[in-house]
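Below: one structure, written as structure tokens.
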Amino acid sequence: MAAEIDFLREQNRRLNEDFRRYRMENFSKYSSVQKAVCQGEGDDTFENLVFDQSFLAPLITEYDKHLGELNGQLKYYQKQVGEMKLQLENVIKENERSELSRQKLHTQELLSQLEMANEKVAENEKLILEHQEKANRLQRRLSQAEERAASASQQLSVITVQRRKAASLMNLENI
């Protein structure tokens, strides 16, 4: 709203300047009554000026000319704004598509990495199971070996005891 008021004030100032310039350029053409009105003589300068058709015609012509220029500018700027809106919408859509494409690509990369990680996890789990089975087999074999060693140790002890008995018996016989 303030911008519109400023615009109208500026327009009013320009029109007044145009009117003053026109008056000064054509001052010699005025009648003595008109000169008196322009110089501020008389009771009501504004009313005299407004009702004097010789002043109004050039002012209206100048106003219409200026108004036509402004309308032309307005149409031009409206067209420019419309084109810029379309361009902005296209840029926004392109950015959205670009962002979606980038996100889609990033998601695909993450999914690929996740699949590879899942494959590694499955592979590692398989290796862990294989190592656990191998460790269990080795543990059974170790237990079996310990049992055989204990059994062999007992048998050796029995044999040793029997040999000592036999050696003692032989020593007793030799005596």
Side-chain angles (χ1 to χ4, degrees), residues 1-140:
M1 185 72 166
E4 292 173 2
I5 292 172
D6 289 341
F7 175 76
L8 291 174
R9 283 184 181 151
E10 179 63 20
Q11 290 299 92
N12 187 30
R13 185 189 62 77
R14 287 182 187 166
L15 288 172
N16 282 333
E17 285 177 10
D18 290 343
F19 180 63
R20 273 189 225 107
R21 190 173 4 106
Y22 178 78
R23 260 194 326 192
M24 290 304 137
E25 289 172 358
N26 297 309
F27 190 71
S28 62
K29 299 176 188 175
Y30 297 148
S31 67
S32 59
V33 172
Q34 289 173 331
K35 287 181 182 176
V37 169
C38 287
Q39 292 174 350
E41 298 174 7
D43 292 349
D44 195 347
T45 305
F46 183 71
E47 283 184 14
N48 289 339
L49 190 62
V50 169
F51 290 111
D52 189 349
Q53 293 298 317
S54 64
F55 282 117
L56 284 179
L59 180 61
I60 290 173
T61 303
E62 188 66 30
Y63 176 77
D64 286 342
K65 178 182 169 188
H66 191 66
L67 191 60
E69 290 172 2
L70 290 177
N71 282 334
Q73 287 178 354
L74 179 63
K75 287 178 183 178
Y76 172 77
Y77 290 134
Q78 286 173 337
K79 182 180 176 185
Q80 291 284 344
V81 167
E83 289 174 2
M84 291 177 80
K85 281 182 182 179
L86 288 175
Q87 289 175 350
L88 179 62
E89 287 174 6
N90 289 337
V91 167
I92 289 171
K93 287 178 184 177
E94 184 62 32
N95 284 346
E96 288 172 352
R97 280 189 295 244
S98 177
E99 180 63 20
L100 287 175
S101 296
R102 189 191 65 76
Q103 287 178 353
K104 184 178 178 182
L105 181 63
H106 184 67
T107 302
Q108 288 173 343
E109 289 173 3
L110 290 176
L111 286 174
S112 176
Q113 291 174 1
L114 182 62
E115 285 179 18
M116 288 173 38
N118 284 339
E119 289 174 6
K120 284 249 188 211
V121 167
E123 197 175 300
N124 287 340
E125 286 175 349
K126 183 180 175 184
L127 287 173
I128 288 171
L129 286 175
E130 288 175 2
H131 287 297
Q132 284 178 343
E133 289 174 5
K134 190 174 183 178
N136 288 340
R137 280 194 309 268
L138 289 173
Q139 186 64 39
R140 282 193 302 271

So do the side chains of [X] and [Y] get within less than 4.5 Å of each other, counting heavy atoms only?
X	Y	result
K79	K75	no
K65	T61	no
V121	E125	yes

The test is salt bridge (charged side-chain N to carboxylate O under 4.0 Å, His left out); show your working for E99 and R102 and say whether it passes.
CA-CA 5 Å; E99 180 63 20; R102 189 191 65 76; 2.7 Å; yes
Those residues that, when tested against N90, pass side-chain contact (heavy atoms from CB on, under 4.5 Å) (two or more places apart):
none
E94 backbone acceptor or donor facing S98 side chain under 3.5 Å
no
Indicate whether the side chain of E109 and that of Q113 have a donor and an acceptor atom separated by less than 3.5 Å.
no
Using a distance-only test with no angle check, is there a side-chain donor-acceptor pair under 3.5 angstrom linking Q80 and Y76?
yes
Salt-bridged, E10 to R14, with N to O below 4.0 Å?
yes
With sequence neighbours excluded, tell me which residues meet salt bridge (charged side-chain N to carboxylate O under 4.0 Å, His left out) with E89.
none
Listed partners of R140 passing salt bridge (charged side-chain N to carboxylate O under 4.0 Å, His left out), at least two apart
none
Among E130, K126, Q132, find the one that has a side-chain contact (heavy atoms from CB on, under 4.5 Å) with I128.
Q132
Around atom CZ of R97, are there more than 12 heavy atoms of other residues, nucleotides or ligands at under 6.0 Å?
yes
